[in-house]
Amino acid sequence: MESGGAALIPPAHLTRRPEPDRKFRLLERVRRALRVRHYSPRTEEAYCDWIRRFVVFHGRRHPTLMGEPEIAAFLSDLATRGNVSASTQNQALHAILFLYRRVLGQDMGLIGGIAPAKRGRRLPIVLSVGEVRVILTRMRGVPRLCTSLMYGSGLRVSECVQLRIKDIDFERGEIIVRCGKGDKDRRVPLPRMTVPALTVHLERRRELFHRDLRRGVVAPLPGALSRKLPHAEREWAWQYIFPSSRIHADRHPGPPRRFHMHESAIQRAFATAVRSSRVTKRATCHSLRHSFATHLLEGGADIRTIQELLGHSNVQTTMIYTHVLNRGASGVQSPADRL
């Protein structure tokens with residue numbers, strides 16, 4: 001489409017839904033390039049959204065007709081008018097650079113003229129043991145079991161809901177986290193206090209599993225495992241521990257599938273429990289992971305051990321929890337306390 005001598009992308013072509021049958025669309029080319037390089041689904045979603053916003057910001061002009069000045073103008077607008085954080089601005093920059101370098105084949109150097117968002121240092125929100133106990137007492141059912149596992153094992157909410165039956169080892173007392181952040185596996189402790197509730201939950205889960213078998217409902221498998229292990233999707237070991245209440249009818253041919261429960265269900269239940277417990281901290285589900293690491297440090301655990309349990313690639317990321325251990329500024333006593 002031509003308008004004023006410039007090629008414009010129709011609004012319908014900027015849809016966020018993947019359409020494999022229309023290979024000429026820009027975002028579908030981006031998705032294919034990301035999947036070839038094994039980027040995570042969340043990265044794919046974020047990059048496509050930033051590229052869409054970049055194109056819309058410049059009046060739907062095609063990226064091949066734009067360059068460094070347009071990129072700098074978009075990023076500066078994010079910082080000055082959008083007031084986004086430095087990490088958000090960096091994510092938008094990486095998404096646009098991926099578009100030009102990996103999809104359009106244009107080498108982009110340093111982007112000048114960007115008004116950077118000031119990046120400050122933030123400490124994680126950590127709950128005390130008493131606060132965690134109060135919040136958990138105000139939760140019931142599966143959300144309480146999930147939050148107990150997140151606090152007791154240092155799991156992210158996405159890692160918790162994606163656990164499968166085979167990932168729990170009751171004899172060794174551990175959980176195997178598969179394909180965590182950075183596509184890394186790791187082992188974390190299974191909290192003993194969750195074993196009774198988890199055992200009862202798995203008994204109910206097995207009943208649902210048998211009903212699904214009779215109805216032809218299967219569990220989705222990652223990657224190409226459905227071809228390598230054609231019967232695994234009907235095996236007990238591959239079922240999600242925390243299944244969705246709905247059955248997903250995929251657009252592609254095949255039996256109906258039951259995915260894991262959505263993360264938002266746990267997040268909403270946790271937010272409601274925090275409000276009812278009157279905890280004044282702005283706690284989220286991720287605060288349980290921060291609390292897990294901090295309480296391990298307070299208990300004398302080694303920083304390298306905590307790094308391995310959290311799955312951090314760099315120990316500097318784990319070192320942030322040493323600052324949380326301080327009492328007051330740098331851990332010193334206020335002179336007013338000696339009056």
Side-chain angles (χ1 to χ4, degrees), residues 1-122 157-158 181-183 248 250-252 259 262-264 267-268 282 284 286:
M1 180 184 296
E2 297 288 338
S3 177
L8 299 182
I9 301 177
H13 288 201
L14 295 174
T15 176
R16 296 175 60 183
R17 297 182 59 186
E19 295 180 299
D21 56 320
R22 303 197 178 187
K23 300 179 181 179
F24 60 89
R25 291 191 173 182
L26 176 66
L27 293 188
E28 190 56 38
R29 294 174 59 190
V30 174
R31 291 188 182 94
R32 290 174 180 270
L34 288 166
R35 292 173 187 177
V36 166
R37 292 165 176 81
H38 300 284
Y39 280 70
S40 70
R42 292 199 170 192
T43 302
E44 176 184 324
E45 181 182 0
Y47 275 28
C48 289
D49 185 62
W50 281 120
I51 293 171
R52 181 186 61 83
R53 292 175 61 176
F54 170 65
V55 172
V56 172
F57 178 80
H58 289 292
R60 294 185 288 109
R61 293 170 59 195
H62 200 280
T64 55
L65 302 176
M66 297 185 286
E68 296 183 6
E70 288 79 9
I71 298 175
F74 174 67
L75 297 175
S76 296
D77 181 77
L78 289 178
T80 56
R81 191 172 60 88
N83 294 322
V84 301
S85 64
S87 58
T88 301
Q89 188 186 47
N90 288 334
Q91 185 186 63
L93 172 62
H94 291 313
I96 297 172
L97 291 180
F98 181 89
L99 168 67
Y100 278 95
R101 293 173 178 173
R102 305 303 181 188
V103 179
L104 302 178
Q106 299 181 16
D107 187 21
M108 286 287 176
L110 296 177
I111 308 299
I114 302 176
K118 183 178 180 181
R119 184 169 187 174
R121 179 182 138 190
R122 301 290 181 265
V157 61
S158 59
K181 189 175 182 180
D183 197 22
H248 179 73
D250 204 340
R251 294 184 303 172
H252 302 287
F259 285 82
H262 201 271
E263 302 168 13
S264 60
Q267 294 167 336
R268 286 195 302 266
R282 192 174 57 86
T284 63
H286 206 68

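Reckoned from all heavy atoms, side chains included, excluding hydrogens, waters and symmetry mates. Residues: numbered from 1 along the sequence shown.
- Nearest heavy-atom pair, Leu104 versus Pro63, reported as atom, atom and distance to 0.1 Å: CD1-CB, 3.7 Å.
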**Q.** Step-by-step side-chain contact (heavy atoms from CB on, under 4.5 Å) determination, Phe98 to Leu34
**A.** CA-CA 9 Å; Phe98 181 89; Leu34 288 166; 3.5 Å; yes
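- Counting heavy atoms from C-beta on, the side chains of Arg61 and Val55 never come closer than 4.5 Å.
- Residues His58 and Ala73 come closest through the heavy atom pair CE1-CB, 4.3 Å.
- For the atom pair Cys48 SG and Arg29 CZ, the distance stands at 12.5 Å (nearest 0.5 Å).
- For the atom pair CZ of Arg53 and CZ of Phe57, the computed distance is 10.5 Å after rounding to the nearest 0.5 Å.
- The distance from the CD atom of Glu68 to the CD atom of Gln106 is 10.5 Å, given to the nearest 0.5 Å.
- Under the 4.5 Å side-chain criterion, counting only non-hydrogen atoms from C-beta, Ser40 is not in contact with Asp183.
- Counted by atom type alone, Thr64 and His62 present one or more donor-acceptor pairs between their side chains at under 3.5 Å.
- The structure places OG1 of Thr88 at 12.5 Å from CG of Leu93, a figure rounded to the nearest 0.5 Å.
- Annotation: side chain of His94 is in contact with side chain of Tyr47 (closest heavy-atom distance under 4.5 Å).
- At most 12 heavy atoms of other shown residues, nucleotides or ligands fall within 6.0 angstrom of atom CZ in Arg42.
- Rounding to the nearest 0.5 Å places NE2 of His262 at 11.0 Å from OG of Ser158.
- Atoms CZ and CD, on Arg31 and Glu45 in that order, are 9.5 Å from each other to the nearest 0.5 Å.
- Residues Leu26 and Leu99 are in side-chain contact: their nearest non-hydrogen atoms beyond the backbone lie under 4.5 Å apart.
- For the pair Met66 and Phe54, the tightest heavy-atom approach, listed with the atom from each and the gap, is CE-CE2, 3.7 Å.
- By the 4.5 Å heavy-atom criterion applied to side chains, Tyr39 and Glu44 are not counted as neighbours.
- Side-chain contact between Leu78 and Trp50: present, with at least one pair of heavy atoms (C-beta onward) separated by less than 4.5 Å.
- Gly67 and Tyr100 get closest at one heavy-atom pair: N-OH, 4.2 Å.
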